[in-house]
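The shown structure was predicted, so the numbers you read here are calculated from the model rather than taken from an experiment. These values consider heavy atoms only, across backbone and side chains, with no hydrogens, waters or symmetry-generated copies.
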Amino acid sequence: MALGLAVCLLLVPIAAADDSPEDAVAKGLAAAVKLRDAGEAEKAILLLTWLLDEHPESVEAHIMFQDLRLARGDRRALVRRYSRLASRKGASADDAFLHARLL
């Protein structure tokens, strides 16, 4: 519960209505880096999960998300997730790249 609340409090400044999508992604990535560097990987993963829900086009957010989840030992789940993304109809080159970097 406390973990979710802490991440929600981090999202308030990130989700400012007047920000462009690029600004929101940059703020989210900066916050995730701070969390990661402070040893709060789980909070960073939660933040990145939210960020990817809002901005799935951010390759940088996907890479950081993958790296943190790999460090946690979630390789199989990540490969399945990104395999589904890469094999769906209309998948992009970014989707293929994000899947391939896990193989």
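- Within the structure, the salt bridge (Lys or Arg N to Asp or Glu O under 4.0 Å) test picks out the following pairs touching residues 47-68 (sequence neighbours left out): Asp67-Arg101.
- The salt bridge (charged side-chain N to carboxylate O under 4.0 Å, His left out) test applied to Arg36 returns no partner, not counting sequence neighbours.
- Side-chain atoms of Leu29 and Leu48, non-hydrogen and from C-beta on, do get closer than 4.5 Å to each other.
- Applying the ring-ring contact (aromatic ring centres under 6.0 Å, His included) test to residues at least two apart or on different chains, the pairs with a partner in residues 56-88 are His62-Tyr82.
- Without hydrogens or angle criteria, Gln66 side chain to Leu78 main chain gives no donor-acceptor distance under 3.5 Å.
- For Arg72, the side chain to side chain donor-acceptor pair (under 3.5 Å) partners at least two apart in sequence or on another chain are Glu42, Asp74.
- Shown here for Leu68 and Ala44, the closest heavy-atom pair between the two residues is CD1-CB, 3.7 Å.
- By the side chain to side chain donor-acceptor pair (under 3.5 Å) test, Arg76 is found to be paired with no residue, residues two or more places apart in sequence or in another chain being considered.
- What you find for Leu51 and Ala24 is that their closest heavy atoms are CD1-O, 4.0 Å.
- The two residues Leu52 and Ala61 come nearest to each other via the heavy atoms CD2-CB, 3.6 Å.
- Between the side chain of Arg75 and the main chain of Leu102, a donor-acceptor pair closer than 3.5 Å is present.
- Residue pairs meeting the salt bridge (Lys or Arg N to Asp or Glu O under 4.0 Å) criterion with at least one member in residues 91-100, sequence neighbours excluded: Arg88-Asp95.
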